[in-house]
Amino acid sequence: MKFGVVVFPGSNCDHDAYHVISKVLGQPVDFIWHEQTSLGEYNAVILPGGFSYGDYLRAGALARFSPIMGAVREFAARGGFVLGICNGFQILCESGLLPGALMRNRGRRFLCQFVHVRVEATDTPFTHLYRRGQVLQLPIAHGEGNYYCDPETLAELRRENRIVFRYCDAHGQVTDAANPNGSLDNIAGICNRERNVLGMMPHPERASEEILGSSDGRALFQSLALVLAAMARE
């Protein structure tokens with residue numbers, strides 16, 4: 001099994017994701033330049049955080065046209081695992097791989113802080129090592145993390161249990177005060193219907209070792225590694 005971390009012009013969390021996969025999990029991983037057009041040898045792909053193309057038009061709006069995104073769409077359609085973190089989540093929404101959009105934060109301020117998120121769905125390849133309702137402490141760093149979708153899409157996300165993470169307080173209460181950016185329904189992360197594509201605004205890769213102040217994000221990568229290992233044995 002092999003992980004790949006896509007690098008767009010402006011990515012700045014690519015090395016963080018690479019470090020977690022290679023050093024913390026001890027798994028093979030490559031950087032994938034955005035001009036590549038194939039993902040043939042990879043089993044899981046990470047779209048990292050950053051400011052792809054400077055986010056000059058709208059976060060993720062230009063990256064969706066990178067050559068690699070055609071390969072990512074095909075990869076996801078074949079059942080490949082795709083994780084989009086922060087800017088990666090924005091790119092997934094702009095590409096149509098996940099529904100909705102990430103708008104400017106409530107208050108129009110860039111936020112860089114630890115937040116609490118509640119695990120809402122554990123029936124995904126990314127979250128099966130967590131407990132439903134478990135509260136995680138993860139960092140955020142974004143100016144456009146205010147998730148929005150139309151009422152029909154929100155109803156679908158709820159009905160299909162595709163809201164994977166919600167912002168909450170330290171006790172797991174989902175409140176407006178615990179919502180850092182104004183996201184609809186306190187949404188911090190969602191998955192697609194097939195559950196092989198996950199987008200989230202918090203950074204699990206920046207919370208995968210105790211020295212960073214939290215290791216709550218590590219189980220997300222371990223969950224995925226276990227799924228890939230099981231598939232390799234079949």
For Arg132, check salt bridge (Lys or Arg N to Asp or Glu O under 4.0 Å) against everything at least two apart and list the hits. none

Ser215 side chain vs Glu210 backbone, donor-acceptor pair below 3.5 Å: no

Kindly compute the distance separating NE2 (His142) from CG (Leu102), expressed to the nearest 0.5 Å. 8.0 Å

Please report the C-alpha distance between Ile91 and Ser52 in whole Å, then the side-chain angles of each, then the deciding distance to 0.1 Å, and finally whether the side-chain contact (heavy atoms from CB on, under 4.5 Å) criterion is met. CA-CA 9 Å; Ile91 295 169; Ser52 57; 3.9 Å; yes

If a pair satisfies salt bridge (Lys or Arg N to Asp or Glu O under 4.0 Å) and one of its residues is in residues 168-181, list it, with sequence neighbours excluded. Arg106-Asp176

Nearest non-hydrogen partners of Leu97 and Asn192, listed with the distance: O-CB, 4.0 Å

Report yes if some heavy atom in the side chain of Ile46 is under 4.5 Å from a heavy atom in the side chain of Ile21; otherwise report no. yes

Less than 4.5 Å apart, any side-chain heavy atom of Leu92 and any of Leu198? no

Taking all non-hydrogen atoms of both residues, which atom of Ile187 and which atom of Tyr167 are closest, and how far apart? O-CE1, 3.3 Å

Here the ring-ring contact (aromatic ring centres under 6.0 Å, His included) pairs for residues 33-58, sequence neighbours left out, are His34-Tyr53

Distance-only, no hydrogens or angles: does the Asp14 side chain make a donor-acceptor pair with backbone N or O of Pro48 under 3.5 Å? no

Could you report the tightest heavy-atom contact between Arg195 and Glu160, atom names first, then the distance? NH1-O, 3.2 Å

Find the distance between CD (Glu156) and CZ (Arg162) and round it off to the nearest 0.5 Å. 5.0 Å

Quick one: side-chain hydrogen bond (donor to acceptor under 3.5 Å, both in side chains) partners of Arg109, sequence neighbours excluded? none

Could you report the tightest heavy-atom contact between Arg118 and Gly133, atom names first, then the distance? CG-O, 3.6 Å

Stepwise side-chain contact (heavy atoms from CB on, under 4.5 Å) test for Leu138 and His203: CA-CA 6 Å; Leu138 301 174; His203 287 263; over 6 Å; no

Measuring only between side-chain heavy atoms, which start at C-beta, is Ile163 closer than 4.5 Å to Asn186? no

Quick check: do Ile85 and Pro204 have side-chain heavy atoms less than 4.5 Å from each other? yes

Run Asn146 and Arg104 through side-chain contact (heavy atoms from CB on, under 4.5 Å) and show every step you take. CA-CA 6 Å; Asn146 182 356; Arg104 293 287 300 275; over 6 Å; no

Residues which pass salt bridge (Lys or Arg N to Asp or Glu O under 4.0 Å) with Arg166, listed by chain and number, not counting sequence neighbours: Glu120, Asp185

Are Val174 and Leu154 linked, directly or through intermediate hydrophobic residues, by side-chain heavy-atom contacts shorter than 4.5 Å (ILVMFWY only)? no

Specify the closest pair of heavy atoms between Pro99 and Thr153, including all atoms of both residues, with the distance to one decimal. CB-CG2, 3.7 Å

Hey, which of Glu94, Gln90, Glu144 is the one that makes side-chain hydrogen bond (donor to acceptor under 3.5 Å, both in side chains) with Arg58? Glu94

Quick test of your reading: applying salt bridge (Lys or Arg N to Asp or Glu O under 4.0 Å), list the pairs with at least one residue in residues 22-40, sequence neighbours left out, ordered by first then second residue. Lys2-Asp30

Using the salt bridge (Lys or Arg N to Asp or Glu O under 4.0 Å) criterion, which residues pair with Asp16? Sequence neighbours excluded. Arg206

Arg159, CZ atom: more than 12 neighbouring heavy atoms under 6.0 Å: yes

Can you list, pair by pair, the side-chain donor-acceptor contacts under 3.5 Å of residues 223-233, counting residues two or more places apart and other chains?
{"unit_1": "Ser223", "atom_1": "OG", "unit_2": "Leu129", "atom_2": "N", "d": "3.2"}
{"unit_1": "Ser223", "atom_1": "OG", "unit_2": "Ala219", "atom_2": "O", "d": "2.7"}

Measuring from Cys86:SG to Met201:CE, what's the distance to the nearest 0.5 Å? 3.5 Å

State whether the side chain of Asn196 and the backbone N or O of Ala76 hold a donor-acceptor pair below 3.5 Å, judged by distance alone. yes

Tell me, please, which residues at least two apart from Phe31 pass ring-ring contact (aromatic ring centres under 6.0 Å, His included). His15, Tyr18

Measuring from Leu136:CG to Leu220:CG, what's the distance to the nearest 0.5 Å? 9.0 Å

Taking side chain as C-beta onward, heavy atoms only, is Ile190 less than 4.5 Å from Tyr147? yes

Which atom pair, heavy atoms only, marks the closest approach of Glu205 to Val20? O-CG2, 3.4 Å

Apply salt bridge (Lys or Arg N to Asp or Glu O under 4.0 Å) to Arg73 and list each qualifying residue two or more places apart in sequence or on a separate chain. none

Give a yes or no on whether the backbone of Ala121 and the side-chain of Thr127 come within a donor-acceptor separation of less than 3.5 Å. yes

Can you check whether Gln113 reaches Ile140 side chain to side chain, under 4.5 Å on heavy atoms? yes

Name all pairs fulfilling the ring-ring contact (aromatic ring centres under 6.0 Å, His included) condition that reach into residues 113-138, sequence neighbours left out, sorted by first residue then second. none

d(Met69 CE, Leu47 CG) to nearest 0.5 Å is 5.5 Å

Results of side-chain hydrogen bond (donor to acceptor under 3.5 Å, both in side chains) for Ser208 - residues two or more places apart only: none

So with a 6.0 Å cut-off around CZ of Arg108, is the heavy-atom count from everything else above 12? no

Determine whether Val119 and Phe165 satisfy the following criterion, side-chain contact (heavy atoms from CB on, under 4.5 Å), listing intermediate values before the conclusion. CA-CA 5 Å; Val119 180; Phe165 299 109; 4.0 Å; yes

Do the side chains of Val135 and Val164 join up, straight or via other hydrophobic residues, at under 4.5 Å, putting them in one cluster? no

Roughly how far, to the nearest 0.5 Å, is OG of Ser183 from CE of Met103? 8.5 Å

